[in-house]
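The block underneath contains the structure these notes are about, expressed in structure tokens.
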Amino acid sequence: MQGNEPLWALGMMSGTSLDGVDAAMLLSDGTRILEFGDSAYRAYSAAEGAALRAGLGLWPGDDGVAGAGAVIDAAHADLAAQFSPDLIGFHGQTLAHDPGGRGTHQVGDGALLAHSLGRPVVWDFRSNDVQMGGQGAPLAPFYHFACAQWMGATAPIAFLNLGGVGNLTWVDPTKPAPEADGALLAFDTGPANAPINDLVQARLGADMDRNGALAAAGKVAHSALELFLMDPYFGRIPPKSLDRDAFSEMMALVRELDDADAAATLTAMAAAAVMQGISHCPVPPTRLLVTGGGRHNKVMMAMIAAGLDCPVDPVEAAGLDGDMLEAQAFAFLAIRVLRGLPTSAPGTTGVMAAVGGGQISRP
Ligand SMILES: Nc1ncnc2c1ncn2[C@@H]1O[C@H](COP(=O)(O)OP(=O)(O)OP(=O)(O)O)[C@@H](O)[C@H]1O
Ligand SMILES: CC(=O)N[C@H]1[C@@H]2OC[C@@H](O2)[C@@H](O)[C@@H]1O[C@H](C)C(=O)O
């Protein structure tokens with residue numbers, strides 16, 4: 001597997017929403033997207049989800065980490081068994097993220113997976129970046145650069161992932177490589193779906209505000225929104241990243257509101273955080289392409305579009321798959337790690353210099 005011949009990699013990602021694992025095949029030489037392959041999703045059972053939630057905030061060695069790790073290892077082995085990749089990119093599950101302090105913690109044992117599947121596995125993508133002074137996140141931006149080139153973009157565009165947390169990547173596709181100076185600027189914008197999910201879970205026992213229906217029936221509480229926007233995170237110069245629950249105190253701002261107004265206000269907060277993020281871009285993007293589950297939230301999408309001067313579309317408008325983009329990103333990054341290419345740069349994570357992350361485990 002040396003040289004630069006294209007490889008079929010399987011990328012697997014379990015995101016902050018803790019709903020399940022996405023897996024996607026990608027053919028790439030580590031710089032270009034050559035072909036998209038099959039993809040699959042495996043939902044966590046209620047018991048698996050509970051074990052993962054119990055692990056949130058835990059660090060290596062803490063009680064409860066092994067249980068969460070076992071769920072991740074079994075679910076990923078189960079899902080990967082239906083594919084025949086040359087190699088696997090295994091993100092695992094982030095349990096805790098504190099890049100300026102204790103580091104970043106993903107569970108998932110790549111050596112075990114390599115052994116059980118009989119294929120090379122690239123994993124532990126974030127630690128090296130944090131050790132080199134970076135945020136360890138976001139890591140999808142190098143893949144976003146490849147997506148922009150695959151689309152034939154000729155002017156700066158931005159990708160927005162609306163997952164549990166939101167993250168934005170500004171791309172200048174005219175630069176020669178993702179690690180080139182000025183090619184990328186990336187950072188977490190703020191909370192996106194996680195607080196909305198937490199609200200509807202606590203009040204209505206629901207998983208999500210499907211399509212933004214509840215928010216559509218409510219009014220935004222502007223005083224709460226203004227208080228939220230006073231958080232110093234929004235003024236901080238990127239790169240910057242967030243733990244899933246970094247904004248948990250925002251729930252207090254909507255406590256007195258009825259369900260619909262609370263949902264509308266949390267949705268407006270997520271959208272306003274994106275606007276704040278866009279203001280940090282070197283030049284405004286000519287197009288904003290949205291990935292992640294939040295692209296289905298019509299209210300959130302409309303609020304974002306209303307605040308920007310450029311078209312705002314789901315990534316499907318550009319021929320990409322918004323459910324699988326992050327899984328594809330870890331397939332792409334796995335090939336880069338195998339080839340010794342960097343996976344993050346000062347503009348994406350704040351790392352001192354472009355660096356490759358990830359351990360390689362062979363069967
Ligand atoms: N139809 C829908 N309407 C509204 N919201 C939706 C819809 N579908 C998904 N979502 C939201 O998107 C979330 C899942 O998004 P996604 O799968 O992108 O998150 P993730 O990958 O786990 O998170 P992250 O990218 O932060 O790691 C759901 O929990 C829900 O809040
Ligand atoms: C530490 C961590 O797991 N961060 C995730 C999380 O989910 C979204 C956002 O916060 C982003 O920073 C990152 O994931 C994506 C896939 C990334 O690294 O690009």
Side-chain angles (χ1 to χ4, degrees), residues 1 5-30 32-52 55 67-94 106-125 139-140 143 146-147 150 161 163-164 207 291-293 296 315-316 319-339 358-363:
M1 265 193 269
E5 78 277 19
L7 297 173
W8 276 105
L10 177 70
M12 291 195 286
M13 174 73 194
S14 179
T16 54
S17 304
L18 304 176
D19 54 343
V21 188
D22 298 323
M25 294 281 282
L26 185 79
L27 182 70
S28 169
D29 57 5
R32 286 166 308 144
I33 297 169
L34 298 168
E35 201 176 325
F36 298 107
D38 290 343
S39 62
Y41 169 73
R42 181 195 178 284
Y44 294 126
S45 68
E48 289 172 336
L52 294 178
V71 165
I72 291 298
D73 291 340
H76 286 72
D78 182 31
L79 185 57
Q82 60 185 284
F83 296 93
S84 302
D86 297 318
L87 83 160
I88 293 171
F90 177 28
H91 173 267
Q93 176 68 51
T94 297
Q106 286 75 45
V107 279
D109 183 341
L112 191 73
L113 197 68
H115 183 71
S116 68
L117 295 172
R119 301 184 193 275
V121 173
V122 182
W123 57 296
D124 189 17
F125 285 91
L139 291 183
Y143 182 61
C147 289
W150 175 83
N161 170 39
D207 289 345
T291 178
H296 300 300
V315 288
E316 281 75 5
L320 295 164
D321 180 346
D323 290 325
M324 289 296 157
L325 205 95
E326 292 185 344
Q328 291 165 356
F330 284 94
F332 182 75
L333 296 178
I335 299 171
R336 289 186 69 89
V337 172
L338 196 75
R339 300 259 150 101
Q359 300 189 42
I360 305 173
S361 291
R362 298 182 193 276

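- Every residue two or more places apart in sequence or in another chain that forms a side-chain hydrogen bond (donor to acceptor under 3.5 Å, both in side chains) with Asp124 is listed here: Ser127, Gln359.
- Atoms OG and CG, from Ser39 and Leu79 in turn, are 9.5 Å apart once rounded to the nearest 0.5 Å.
- The two residues Ala51 and Ala68 have their closest heavy-atom pair at O-CB, 3.9 Å.
- Here the closest non-hydrogen pair linking Phe90 and Asp109 is CE2-N, 3.6 Å.
- We find the CG-OG distance between Leu333 and Ser28 to be 10.0 Å, quoted to the nearest 0.5 Å.
- Of the inter-residue distances, the one linking Tyr41 atom OH with Asp19 atom CG reads 3.5 Å to the nearest 0.5 angstrom.
- Here the rule is side chain to side chain contact (heavy atoms under 4.5 Å, CB included) with Leu87, and of Ile335, Val337, Val121 only Ile335 fits it.
- Considering every non-hydrogen atom in both Val122 and Ala334, the closest pair reads CG2-O, 3.7 Å.
- The heavy-atom pair separating Glu48 from Ala43 by the smallest distance is OE1-O, 4.1 Å.
- For Ile33, the side chain to side chain contact (heavy atoms under 4.5 Å, CB included) test picks out Leu26, Phe36, Tyr143, Ala146, Cys147, Trp150, with sequence neighbours left out.
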Should Met13 and Val21 be marked as a side chain to side chain contact (heavy atoms under 4.5 Å, CB included) after you check the CA-CA gap, both sets of side-chain angles, and the distance that decides it? CA-CA 6 Å; Met13 174 73 194; Val21 188; over 6 Å; no

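- Every salt bridge (charged side-chain N to carboxylate O under 4.0 Å, His left out) that Asp29 has, sequence neighbours left out, goes to Arg32.
- At distances below 3.5 Å, at least one donor-acceptor pair connects side-chain atoms of Asp86 with backbone N or O atoms of Trp8.
- Atom CG of Asp321 and atom OG1 of Thr291 lie 8.0 Å apart (nearest 0.5 Å).
- With sequence neighbours excluded, the residues forming a side chain to side chain contact (heavy atoms under 4.5 Å, CB included) with Ser361 are Ala111, Ala114, Trp123, listed by chain and number.
- For Thr94, the side-chain hydrogen bond (donor to acceptor under 3.5 Å, both in side chains) test picks out Gln106, with sequence neighbours left out.
- Applying the side-chain hydrogen bond (donor to acceptor under 3.5 Å, both in side chains) definition to pairs two or more places apart or across chains, those involving residues 76-85 are Arg42-Asp78.
- Note: Ile72 CD1 to Gln93 CD = 4.5 Å, rounded to the nearest 0.5 Å.
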